[in-house]
2 protein chains.
Amino acid sequence: MAAVAAQRQGKQERVYSILRSRIVEGACGPGHRLVIDALARELEVSQMPVREAIRRLEAEGWVLYTRNQGAQVAPIDAVSWSEAMTTMAVLEGYATALAAPHVSRRDLDRMRAANRAMEAALRELDVAGASTHNLAFHGVIHARCPNAHIRRELTSIQERLNSLRNTIFSYIPARGEISVHEHAELLAMLEHGAEAAAIEAFAREHKLNTVAAFELRRAGAV
Amino acid sequence: MAAVAAQRQGKQERVYSILRSRIVEGACGPGHRLVIDALARELEVSQMPVREAIRRLEAEGWVLYTRNQGAQVAPIDAVSWSEAMTTMAVLEGYATALAAPHVSRRDLDRMRAANRAMEAALRELDVAGASTHNLAFHGVIHARCPNAHIRRELTSIQERLNSLRNTIFSYIPARGEISVHEHAELLAMLEHGAEAAAIEAFAREHKLNTVAAFELRRAGAV
DNA sequence: ACGCCGGAAATCCTATACGATTTCGCGCCG
DNA sequence: CGGCGCGAAATCGTATAGGATTTCCGGCGT
């Protein structure tokens, strides 16, 4: 839990972290109402820090807010997940192409390690671990993207998606192994200095494939 | 001024609208401090609505906030403009390709009208008008993008860029005419049902060209 | 039995007050 | 004359209180 971190940072920060982690970790499901008074009593602060924390969560899309009615945890349905993931595919594709020239040999090593770790986790059916290593793999590239604005957008979308990543990954188990192979291929492209357009197309497809697999599985499940 | 609109919407909304329009219209330049007490007295409300309005502006990136120090209008330098514009190019390219099949004949008419109006405005050296019609042109496409997440991202970035659009347009005057031609070409592609990839590439380049022109001009001006 | 209405409870919104933190200027010392 | 420390002013952060709005439930009429 990262909820303990905020101490010399004001109550509002503390409340924000707590509520955020609760939402991300799924402690309170979609539609759950966030009542200011109740939270204030529970967290032993006044209503205002809670209020501001909730407004921040609203601005970042974690909760829906209605005037004179309060906030409730934003429902993340399958459609909005696909849409966010698609957006990410487009941006990450471009970001990967931009980052390619700035990826060092050390970076490649880190990515290879992450990919191996992901493969190992998959063999042990450790979905959460695999997901973490997957994030680490792409995180290396993100960090090398020279466009700060895209970096921010990527992390923002990523955080929102994270609240469901374990669910998704276990929903389409076969996708994990394919991802590992695609990662390897991407590594090769980066190492051999492939064309930017090719890198972008591949990185984009890599993520779009996940979306497609998810939607296929979902259509079948209905 | 859209500042009058908020009446039965709570003071906090009203304050938010006022401050936002001030920033967007450049009434208070970058670095300008937003002092809560002063604004509260000026707008005849207590400090709390002002406080929340400022936090909202912070979450949306309009102001920078430092704890125990207050907020100041976020400076929008040339680099961050280019970065945001580049992000927009990537997203809008994809959005245009996605929207293509959903663009009706009436939509095409609207776009043609907007492009003609833009051309006319340019002939009269009406930079602001040309910029507005340019927005209208792309707005038609945005509205037809089936991915709601991308639509939100686009409008969000667009709003941020708008605070400088007049400045930029007058900074690279020759770009306007070229834009009109590119718009016409894009219209042709949409009308003849060009491939998605081609549409995306062209729409992206259309915006990236603007970035390139701006950076070229800037490099020359230094 | 069903729908409408009024009041009470819950919750949110705003105002005011006070404590905490930072910043700036003044005086002091080297 | 310049650097340093201290104190006051400015500003922010949090708490508490009361007014406003919404929601919910029980009673009444049809």
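Naming convention: chains lettered A, B, ... in sequence-line order (proteins, then strands); numbering from 1 in each chain. Below, all heavy atoms of this structure are taken into account, side chains as well, without hydrogens, waters or symmetry copies. Worth saying up front: this structure is predicted, and the values here are computed from it rather than measured.
Within the 4.0 angstrom heavy-atom criterion, no nucleotide atom of any strand lies near A:Leu39. Residue B:Ile54 is classed as having no contact, given no heavy-atom separation below 4.0 Å to the nucleic acid.
Sorted by first and then second residue, the salt bridge (Lys or Arg N to Asp or Glu O under 4.0 Å) pairs with a member in residues 126-138 of chain A form an empty list; sequence neighbours excluded. The ring pair (Phe, Tyr, Trp, His ring centres under 6.0 Å) contacts involving residues 155-175 of chain B comprise B:Tyr171-B:Phe214, where partners must be two or more places apart or lie in separate chains. A salt bridge (Lys or Arg N to Asp or Glu O under 4.0 Å) check over residues 84-98 of chain B, counting only residues at least two apart or in different chains, returns the pairs B:Glu92-B:Lys207. Applying the side-chain hydrogen bond (donor to acceptor under 3.5 Å, both in side chains) test to residues at least two apart or on different chains, the pairs with a partner in residues 100-117 of chain A are A:Ser104-A:Asp107, A:Asp107-A:Arg110, A:Asp107-A:Arg144, A:Asp109-A:Arg112, A:Arg112-A:Glu191, A:Asn115-A:His183. Pairs engaging residues 31-48 of chain A under the side-chain hydrogen bond (donor to acceptor under 3.5 Å, both in side chains) rule: A:Arg22-A:Glu42, A:Asp37-A:Gln47 [sequence neighbours left out].
Remark: A:Glu52 pairs with B:Arg51, B:Arg55 by the salt bridge (Lys or Arg N to Asp or Glu O under 4.0 Å) rule, at least two apart or across chains. Annotation: side-chain contact (heavy atoms from CB on, under 4.5 Å) contacts of B:Thr132 (sequence neighbours excluded): B:Arg165. Annotation: ring pair (Phe, Tyr, Trp, His ring centres under 6.0 Å) contacts of B:Tyr65 (sequence neighbours excluded): none.
One interatomic measurement links the two molecules: CD1 of B:Ile36 to C1' of D:dT11, which rounds to 8 Å at whole-angstrom precision. The distance between atom CZ of B:Arg67 and atom C1' of C:dT21, rounded to the nearest whole Å, is 9 Å. We find that NZ of B:Lys11 is positioned 13 Å from C1' of C:dT16, with the value rounded to whole Å. When the P atom of C:dT14 is taken as reference, atom CD of B:Gln9 falls 11 Å away, rounded to whole Å. If you measure from atom CG of B:Asp37 to atom C1' of C:dC18, you get 13 Å, rounded to the nearest angstrom.
Annotation: proximity of residues 68-75 of chain A to DNA chain C (heavy atom, distance under 4.0 Å) is found for A:Asn68, A:Gln69, A:Gly70, numbered in ascending order. Contact check of residues 42-52 of chain B against DNA chain D (heavy atom, cut-off under 4.0 Å) returns B:Met48, B:Arg51.
Closest to the side chain of A:Tyr65, out of C:dC13, D:dG13, D:dT11, is C:dC13.
Taking five base pairs at each end of the helix from C:dA1-D:dT30 to C:dG30-D:dC1, the local helix axes there meet at an angle of 10°, rounded to 10°.
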Derivation of the salt bridge (charged side-chain N to carboxylate O under 4.0 Å, His left out) call for B:Arg152 and A:Glu83: CA-CA 11 Å; B:Arg152 270 197 305 276; A:Glu83 290 189 344; 5.3 Å; no
Report, one line per pair, each donor and acceptor closer than 3.5 Å where one atom sits in a side chain of residues 73-80 of chain B; sequence neighbours left out.
residue, atom, partner, partner atom, Å
B:Asp77, OD1, B:Ser80, OG, 2.8
B:Asp77, OD2, B:Val79, N, 3.4
B:Ser80, OG, B:Asp77, N, 3.4
B:Ser80, OG, B:Asp77, O, 3.2

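Taking the charged nitrogens against the carboxylate oxygens, A:Arg204 and B:Glu200 do have a contact shorter than 4.0 Å, which makes a salt bridge.
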